[in-house]
There are 2 protein chains.
Amino acid sequence: MRIGELSNRSGVPVPTIKFYVREGLLPAGQLTSPNQASYDSGHERRLRLIRALLDVGGLSLAAIGEVLRAIEDPAQPVHEVLGVAAKRLTPPQRDEPGPELEDAREEVAELLERRGWRAEAHGPAGESLAEVIVALRRAGHGGFVELLDDYAAAAEPVARADLDYVGRRVAREDLVESVVVGTVLGEAMFGALRRLAHADASARVYDGDGAGGPGGDAAEGYVGQG
Amino acid sequence: MRIGELSNRSGVPVPTIKFYVREGLLPAGQLTSPNQASYDSGHERRLRLIRALLDVGGLSLAAIGEVLRAIEDPAQPVHEVLGVAAKRLTPPQRDEPGPELEDAREEVAELLERRGWRAEAHGPAGESLAEVIVALRRAGHGGFVELLDDYAAAAEPVARADLDYVGRRVAREDLVESVVVGTVLGEAMFGALRRLAHADASARVYDGDGAGGPGGDAAEGYVGQG
DNA sequence: GATTATGGATAGCGGCACTTTCCGCTGTCC
DNA sequence: GGACAGCGGAAAGTGCCGCTATCCATAATC
């Protein structure tokens with residue numbers, strides 16, 4: 001397959017493919033003559049993965065590059081790859097530490113203990129959770145933090161489902177790729193489902209049963225996100 | 001309060017505050033003389049909201065502007081505001097329609113029916129779910145779509161918790177802001193929790209019980225994201 | 001043999017979120 | 001009352017990011 005066909009199949013413009021090759025996101029084609037190269041279905045697959053992570057997952061090209069290189073390097077332990085993926089999912093925030101962040105970290109640690117989760121409270125995920133808590137408080141919506149346990153309870157079966165899906169993979173590269181895709185695109189999938197569920201819950205509470213629900217008139221119309 | 005103090009309190013540089021005012025994200029201060037203005041706690045709160053939506057929520061300034069203007073306009077029905085927030089949460093994708101997207105839309109509609117959700121299958125949330133499904137398939141991970149029902153089941157209690165939190169608000173502006181914050185920051189919160197839960201589930205399966213789990217050696221090390 | 005596609009290299013572009021610079025005025029401290 | 005940092009307002013500049021355009025010599029295709 002030449003670059004034009006690869007472009008047609010993947011929907012990615014030729015100059016963009018060249019650009020990805022230059023950036024090291026996509027291996028160069030096999031040269032058959034000084035200015036002719038051939039690409040295979042592996043290139044196509046890789047290209048689709050890049051676009052999925054970029055468009056739907058919202059990762060930067062730099063983050064995608066790191067993830068892909070980690071996926072490809074067989075010496076890289078699997079958990080390293082996941083660390084990279086996890087770290088790059090959220091942009092590096094790093095605002096001033098301060099006591100608020102310390103408190104939030106403490107709360108994250110308490111949550112983990114409360115739920116008996118075996119996870120590092122100070123890893124990237126714990127850290128970004130702490131940052132979300134701080135942001136909520138700073139924005140004057142600290143009350144939202146009370147939902148942490150409800151959210152955590154919902155996250156458990158999701159994580160189990162993800163693990164189950166990943167567990168069915170055998171080849172290392174497949175497995176790692178599954179985890180990355182699951183982590184990144186799964187987030188987008190859940191987000192969309194959550195918004196759909198909002199619309200339903202809202203319709204159920206404010207719409208269906210006749211008399212308005214807990215929020216009274218003010219909340220009328222919390223629908224239509226579906 | 002003058003702009004310097006507002007800057008100190010919020011952690012946002014003075015030129016950036018000026019920039020937000022120019023962009024219409026933040027109302028100008030009350031002029032006390034031709035080149036002196038005073039800002040109040042409302043400005044501070046608004047500023048914190050902007051930074052939360054920007055840094056943690058990952059919204060663009062343009063999207064934040066739309067949301068804020070919708071929040072402020074009392075004529076705007078609440079569900080319109082939510083529509084704006086929901087629409088802007090995911091960047092406008094719009095790739096070629098094609099039959100894959102049609103199939104995915106159909107699946108979304110079926111999911112809604114299966115779960116008895118009262119939500120518009122073709123609204124922004126349904127549409128972005130369909131796009132995620134297409135992206136998963138295109139990336140060669142169509143199997144992940146099998147988890148849709150598990151994800152949907154987990155989204156239900158989350159949506160109920162969100163609604164419950166929002167339902168406690170009375171004032172319109174408070175309510176709308178809660179919904180926006182909950183939708184945007186709640187997504188980040190769940191994402192972090194999900195990654196923590198991954199680490200736990202992985203530790204539980206591959207680490208704790210001695211002999212390796214379903215994935216065998218290949219999956220060793222799906223930990224450390226916490 | 002004309003047209004089109006290709007690999008490779010370099011330069012340019014448009015959007016975004018600021019940041020810098022400048023101006024003339026003001027509030028404040030000594 | 002004089003020095004000086006801070007202010008509001010406007011305009012131009014910056015840095016990064018994800019491409020896109022242009023050019024060249026060569027290769028494939030009709």
Side-chain angles (χ1 to χ4, degrees), chain A residues 1-40 43-44 46-68 88 91-95, chain B residues 1-40 43 46-47 49-68 88 91-95:
Chain A
M1 180 183 357
R2 299 196 308 177
I3 204 173
E5 190 178 345
L6 181 59
S7 169
N8 283 337
R9 285 199 191 199
S10 62
V12 179
V14 170
T16 303
I17 295 176
K18 290 181 173 184
F19 168 72
Y20 289 165
V21 171
R22 276 202 307 283
E23 297 289 295
L25 299 180
L26 190 68
Q30 184 79 6
L31 277 180
T32 61
S33 67
N35 68 339
Q36 215 61 199
S38 82
Y39 302 83
D40 59 21
H43 289 96
E44 186 184 343
R46 166 62 57 93
L47 212 38
R48 292 181 192 282
L49 177 60
I50 292 171
R51 297 307 283 220
L53 295 179
L54 183 68
D55 294 340
V56 181
L59 296 203
S60 68
L61 288 186
I64 292 172
E66 280 189 49
V67 170
L68 292 178
R88 294 326 202 94
Q93 314 235 37
R94 300 289 121 239
D95 38 15
Chain B
M1 182 185 351
R2 299 195 307 177
I3 204 172
E5 189 178 346
L6 181 60
S7 169
N8 282 338
R9 287 199 189 200
S10 63
V12 179
V14 170
T16 304
I17 295 176
K18 289 180 174 184
F19 169 72
Y20 288 165
V21 171
R22 274 202 306 285
E23 297 289 293
L25 299 181
L26 190 68
Q30 184 79 5
L31 278 179
T32 61
S33 65
N35 68 337
Q36 215 62 200
S38 82
Y39 302 83
D40 59 21
H43 288 96
R46 167 61 57 93
L47 212 38
L49 178 60
I50 292 171
R51 297 307 282 219
L53 295 179
L54 184 67
D55 294 340
V56 181
L59 296 203
S60 69
L61 287 186
I64 292 172
E66 279 187 50
V67 171
L68 292 178
R88 292 329 200 93
Q93 316 238 22
R94 302 287 123 241
D95 38 15

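Order of the sequence lines sets the chain letters (A, B, ...), proteins ahead of strands, with each chain counted from 1. Given the structure is predicted, the values throughout are model-derived calculations rather than measurements.
- Taking atom CG on Leu47(B) and atom P on dC18(C), their separation rounds to 11 Å, with Å as the unit.
- Rounded to the nearest 0.5 Å, atoms CG (Leu26(A)) and OG (Ser10(A)) are 9.0 Å apart.
- How far CE of Met1(B) is from CG of Asn8(B): 10.5 Å, rounded to the nearest 0.5 Å.
- Between the CG atom of Leu6(B) and the C1' atom of dG6(D) there is a distance of 14 Å, rounded to whole Å.
- Applying the 4.0 Å criterion to OP1 and OP2 of dG27(C), one finds that Ser33(B) has a side-chain N or O inside that range.
- Open room surrounds CD on Gln30(A); 12 or fewer heavy atoms of other groups in view lie less than 6.0 Å from it.
- Shown here for Pro34(A) and Leu31(A), the closest heavy-atom pair between the two residues is O-CD2, 4.3 Å.
- When the side-chain contact (heavy atoms from CB on, under 4.5 Å) test is applied to Leu61(A), the partners found at least two apart in sequence or on another chain are Phe19(A), Tyr20(A), Leu25(A), Leu54(A), Ile64(A).
- Nearer to the 5' terminus of DNA chain D, by closest-nucleotide assignment, is the contact made by Glu5(B) (compared with the other of Glu5(B) and Ala62(A)).
- The side chain of Tyr39(A) lies closest to dG7(C), out of dG7(C), dG18(D), dC18(C).
- Shown here for Pro27(B) and Arg46(B), the closest heavy-atom pair between the two residues is CD-NH1, 4.3 Å.
- Summarising the geometry, the separation between CZ on Arg51(B) and P on dA17(C) is reported as 11 Å, rounded to the nearest angstrom.
- Rounded to an integer number of Å, the gap from CD of Glu66(A) to P of dC17(D) is 12 Å.
- When all heavy atoms of Gly4(A) and Val14(A) are compared, the closest pair comes out as CA-CG2, 4.3 Å.
- If you run side chain to side chain contact (heavy atoms under 4.5 Å, CB included) between Ile3(B) and each of Gln36(B), Lys18(B), His43(B), only Lys18(B) comes through.
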At a cut-off of 3.5 Å, list every protein nitrogen or oxygen paired with a nitrogen or oxygen from nucleotides 1-5 of chain C, distance to 0.1 Å.
none

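- DNA chain D lies under 4.0 Å from at least one heavy atom of each of the following residues of residues 15-32 of chain A: Pro15(A), Thr16(A), Phe19(A), Tyr20(A), Arg22(A).
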